[in-house]
Structure formats: C-alpha cells, structure tokens
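Side-chain atoms are counted along with the backbone in the values below, which use heavy atoms only and exclude waters and symmetry mates. Below, read A as the first sequence line, B as the second, and so on, with proteins coming before strands; counting in each chain starts at 1.
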Number of protein chains: 2
Amino acid sequence: MKSEEVARLAGVSRSTVSRVINNYSNVPDETREKVMKVVREHNYMPNTSARVLAGKGTDTIGLFIFNVHDENNPGHIYGNSYFGPFVNAVVDRCNHNGYSVLIHTLYKEADCLRIPAAFSEKRMDGAILIGTEKNEAIDQLIARADHPLAIVDYNPRAVSLSASPQARIITVNSGDDAGIADCVDYLAGLGHCRIGFITGRLLTWSAERRLRGFKACMKGRSLHVAPQWMLSGDFSRQKTLVAMQAMLVAGDLPTALIASNDDMALVAIDTLRNAGLRVPEDISVIGYDDGLAAPLVRPALTTVRMPFLEMAGSAVEGLVALLADEEPAIHTVTLPVRLIVRESCAPPS
Amino acid sequence: MKSEEVARLAGVSRSTVSRVINNYSNVPDETREKVMKVVREHNYMPNTSARVLAGKGTDTIGLFIFNVHDENNPGHIYGNSYFGPFVNAVVDRCNHNGYSVLIHTLYKEADCLRIPAAFSEKRMDGAILIGTEKNEAIDQLIARADHPLAIVDYNPRAVSLSASPQARIITVNSGDDAGIADCVDYLAGLGHCRIGFITGRLLTWSAERRLRGFKACMKGRSLHVAPQWMLSGDFSRQKTLVAMQAMLVAGDLPTALIASNDDMALVAIDTLRNAGLRVPEDISVIGYDDGLAAPLVRPALTTVRMPFLEMAGSAVEGLVALLADEEPAIHTVTLPVRLIVRESCAPPS
DNA sequence: CTGAAAGCGCTTACAG
DNA sequence: CTGAAAGCGCTTACAG
C-alpha cells in the first residue's frame, strides 16, 4: 500500500494524502475524513525511508551505551548493571515523544566512530550517550558536533570548551560530589575517621568526581586519606576483589569503606566476610547507585540513590528540545542524589 | 556528500560508485581503488533512506521487550531484571552481524500493534520479541507474519498451528520443565516432601511451563501439591510479598519453596526472615534465572541458571538466517539450563 | 566493465 | 483548498 493508492481510492491527489498524513492545517475536515477512512481501512502507514528522503526527520534517536567488559566474566557484559533501568527509561521517554530508538553498545574507543557513522548514514536525528568514557573519538565528536547530542555522565566544562560554535549539546549528571560528601558526613557522624575508598573507572566523569569529592570532603574534615585504603576498583568485580584481598593481606584496615558503585561494595562485603570480618560490626561499607540488589542483600546496603529515571528523562527531554530548535545551545543539568541508609554501616568498634 | 560527488571526484559514474560501495564483483581493482580513495578521503557513507528506498534492506532488526510494570514501584520498570544482559547480548550479536537494532518497550496489549506498524513503515527487516505474553495481537502477528520473527519464550506449538504458510519464525526457549525438575529432584534428595511453588506471569510460556513442570514432577514422585503452598507471584515483588504474608498468617508452611524467578525468591526469603524464620535452616528456597544478585545475597541463592547469552545468540543467528533466505520456515530451539547449588537450601529440620 | 536512465515512495514549493 | 511536477540519494536492469 502506498500513498498513490490511498489517493486513488479517496479520489484525491498524493499531495493531499500527504497533507492529511502530516496533519497539515489547510485541509477541510471533509477531505481529511475521506482520506483517513481509506487510511484506516487499509491500515496505511507511510514508508519511513521515502519520508526521510523527501526531507522529513528520521524521528529516531540513537542510544549509545559504553560498556565495560569484565574480562574475568565475559558473559557479564552488563558490567554497569545500572544501565538496565536506564535504557528502559530512555526508550520509554523517546517512544512517548514519538521517537524510535536505535541502540548500540560500545566496548572500545574505535567503536565510538559508529556515532558519526550513524549520523552520516542519516539513520538518526540526534544521539544520547551513556557511560561515556573520555577519549579522542569523543572529543572529535563534540568538536565537530553538527547534530544534537545528550551526553550522560560527562564533564560539562570539557564540552563548553571544545564544542563547535553551532553545537547543540546537553550534558546530564548527578551530584556525585554531594553524594560522596553525604557518605563521608554520615560515616563521620557515626564516629569513623579511618575511611577507605574504592574508585570506579576514572575515565568516567562520575568516577572522577566521586574520587575528587571524597578527597575534598576528607580534607574539609581534616581526615587523613590513607593511600593504603584507596583501592582501585575500576567498576570491576575482579579488580575490586584483588584490591580488597591485597588490603586484607597487608592487614591495615579502615573502619569504613565507600565504594564508587554497589557492585564493588557487594564484592567488598563478600571479601570481608570471607576473611572472617563482620559487616557492619567490624567494618562499615557504603555503595553507590542503589541498584536492584541493594535492598535485597544482607546486610541491606546503605548506598547513594542515583536518579536514573530523572536522568534518562532529562536526557531525552533535553535532546528533544534541541531537536526542535535549530539554535546552537550548550546546556547542562545536574540532578540531586540521596543517601539511602540501610544496614551496612555502624559506629566503629 | 553524496554518491554523485564521489563519482565526479573519482571520474566515474554514480553506478560505479554504487557497485564499489556494495562490493559487487564486476569492478576492476583499479577502478575500485580510485573510488575508495575518494570515499575514504571524504568519509562518504551512503544515505540509508535512499538505499532502502532503492531496494536494499534496512539492515535493522526490531527488538520488542515486553515489560511488566510493577504498579507498586513504578520506577522499577525492569520488572524482569534479567532483560538487561539479554538486551545487551542481542544488540551485540546484531551489530556483529551488520544489523542495527531498533529497541521498543511494550507494556500492554495495544502496544503490540507497534510491531506490525514498524514493518509497515519499513523500519526494520525482522523482529525479535522477548518476554512475550500471549494475547490477541501477538496471535494476529503470527498468523499474518510476512517478515522474519524470532520469538523468545513462546509456545512453539502455538506458532506452528497458527502461523501463515509463508511465515519465517523461530522460537527460542530454555528447558523450563527440566530446570524445575532439577529443583524438585534436588529438594527431594535433601529429604523434602512439603514443597511449595511461586508461579510467574502465567501468560508467559516459561512461567506456564515451570508451573506445569512442577506439577508433573511432583506427581511423578507421588508428592502432594498442596494448594496452600501454591503462591501466585506473577513475577511481581509486590504480589509475592502479599502471597507470602498470607501463607505465613495461615501458618501451614512447606519446608521448601521454589520460585519461578530470583526476584520472587529474594522477596520470599526476605519475608520469611522478617517473620523470624531462618533460610535455609527452617525453610529452603530456590530461585530461577541466576541473575546478578543471586551469588551476592546471603544465603547465596540456589537457582536455575538461564542461558541468556545463548538464547540471545540463537535468536539473533536464527533471525539472521531467516532474513537471508526467502523460504518459509518454522524453527524452534530449546536450550539447556543448569541448577546452581549455593546456600539457600538444606535438609528439612 | 561502465554509464544513462528509470524508479523507489514520499514531500513540498508552485501555480491555480 | 488542491493538483502536477520536481526532487530527495540511492540501486539496478539495460544497453553498449
């Protein structure tokens, strides 16, 4: 079924069919109804490629997910398990706004070239990037951006500095430093002063900010940041395990540990427990994300709640707004986080 | 940049550019290289819409995810948390096969119409459905299928019976009955004979087969299936909670409980524990899925491992094969599962 | 081996 | 308010 047949059956021209389909105003109700009747009866839907080629937008948004392969557990590609709900929320909001979403997974820097490629091929009108790791390809993308971009978890200043003059970009972050500050405040309030930290993937803006926030906050409270309690977790279970074991072997332990995500916190708890230590009696542990498992594990995990849905919403709405307007614009939004106190922390013994 | 410019710069016709781009054989190396040089220098990529309109495939696969809204926790749309890794695997495999993927989330029966709509609009060449719930719209889709379909978790017989003669469909399932049989065998081996069961969403083929498998297996062992131990969980945390509490109030408890997914098992454990019971000492619990949380909770969850990656792989490879061939075909694949014994079961006290 | 031409199914000035 | 015509950027017989 094509518009020509609809036109014939309705006794009008293809132009008119097009006007009705696109809901243009200069069509009398009678004509419109005549056409719609045929459309409904035959379930006509316009060929997307033809529309796009004729000048319409693709009405599709590209979603690019940076994924971390856990070398030790190749099956477990959702290294960033928080992507699940996030992806879902993005798809949902896009669909509600009338956009389809083309989803891609990226594993290495070279994969980033698929973003400009998808624009070149005219497969999408704009793109959302999540879990972005800083690298050359992304810098180039931002520097040459000629299509709207929503970048989740990225340094807004880096964008402002390097974006092309006609760029339309929105960065979406959450209050990573405030979240970590809440953790430190809470632990300090409990009486802890020997606080360790497990870092995330530092190429990631959130991981970097959590680390920086930790150092700044500790400094603000004149608390010593002991190098032997700074563990390199890299958002990886395996790396966290190794770092934890090394610390346990060394024998000098903090009384509390803040992990840059839930997954690493869970591994930390596990390792501690296997070493015969009790959580939270012997050592307190805080996570970050408030993922699906956090309320279910025992002790239930005290953690910082990431506003995934709100971030997804901001990214989509922001992108849709950029799509609707030709004006260059660089926006940034930072959403608040909240410490969710459960059972994994206690005063130092 | 369009093919005409490439042609001009390379000193050939657009036809030749097209032949090179599409890697046709009847082009001498010299001509090919001349064209490719220009293509590389200008980073030319053909406009997808134009290619499709001119008769090429869209090279995109639609991924439709049936999602269950947890009414009680609207934020938590990934009711089926196992979709995370699954989606990732599907996207990965599609990309490796040269396909883009258009992802959609479905929440209610009416949403199913988006599948034929996406075909009508010529947005995709084939579709993968996951978490499909049986309903009228899906029946229609299968009955009229004129494009390749891969349906994960669906009754293969229902497909054979109602599919149109020219249908190209593959159904992908795992051994749900065998998985449940393993659970019952294991529990019986431990000495249990008072075994309860928490059902999933019964509109789902896997949930139905798990239930049927449970009844059959219990019968095979001459074990009584007590109605008061058959809980209606519906893959929902909230419903599971309610059902568990009702059972606890009634007071007549089984010595072991098999849940149709991990999430419900975790809620069951939680509820039991809140009622002062110990798991596994007082009551054993088995899950299904072996999701991210299973090995991390305490007691670590004994559960049936779903072969997510393999299922995603089979769905994609199966669909790609159907896409490559015009022949009608109805295939079905069933992948084996495995009981992962951890800490949540013990002999009855 | 290669090019000129037709055609894919729409949209959009343009003219009336 | 409506239609005829041009055009979007490719691919593909067809002819040579």
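For B:N22 and D:dT11, the shortest distance from a side-chain N or O to OP1 or OP2 is below 4.0 Å. B:S15 has no side-chain polar atom (N or O) that falls below the 4.0 Å cut-off from OP1 or OP2 of C:dA4. At C:dC10, none of the side-chain N or O atoms of A:S18 fall inside 4.0 Å of OP1 or OP2 (strictly under the cut-off). Contact annotation: A:S49 side-chain N/O to C:dC10 OP1/OP2 distance is not under 4.0 Å. Between B:Y44 and D:dC10, a side-chain N or O to OP1/OP2 separation shorter than 4.0 Å is present. Using a 4.0 Å cut-off, no side-chain N or O of A:Y24 falls inside it from OP1 or OP2 of D:dT2. Distances shorter than 4.0 Å separate some side-chain N or O of B:K56 from OP1 or OP2 on D:dT12.
Heavy atoms of A:V52 sit nowhere under 4.0 angstrom from any nucleic acid atom. Across all strands, A:T16 comes closer than 4.0 Å only to sugar-phosphate atoms, never to a base (heavy-atom distances). In this structure, B:T48 reaches neither bases nor backbone, as no heavy-atom distance under 4.0 Å exists between it and the strands shown. Residue contacts for A:K122: at a heavy-atom cut-off of 4.0 Å it reaches no nucleic acid atom on any strand shown.
Ring geometry, A:F119 versus A:H147: the interplanar angle falls under 30°, so the pair is classed parallel (tilted spans 30 to 60°).
Contact check on A:D325 versus A:R168 returns no salt bridge, with no Lys/Arg side-chain nitrogen under 4.0 Å from an Asp/Glu carboxylate oxygen. Between A:K37 and A:E41, at least one side-chain N (NZ, or NE/NH1/NH2) sits under 4.0 Å from a carboxylate O, which counts as a salt bridge. Comment: A:R201 engages A:E133 in a salt bridge, judged by a side-chain N to carboxylate O separation of less than 4.0 angstrom.
One interatomic measurement links the two molecules: CZ of B:R14 to P of D:dG7, which rounds to 13 Å at whole-angstrom precision. Atom CG in B:N26 sits about 14 Å away from atom P in D:dT11, given to the nearest Å.
Taking for each of B:A54 and B:K34 the nucleotide of DNA chain C with the nearest heavy atom, the 5'-most of the two is the partner of B:K34.
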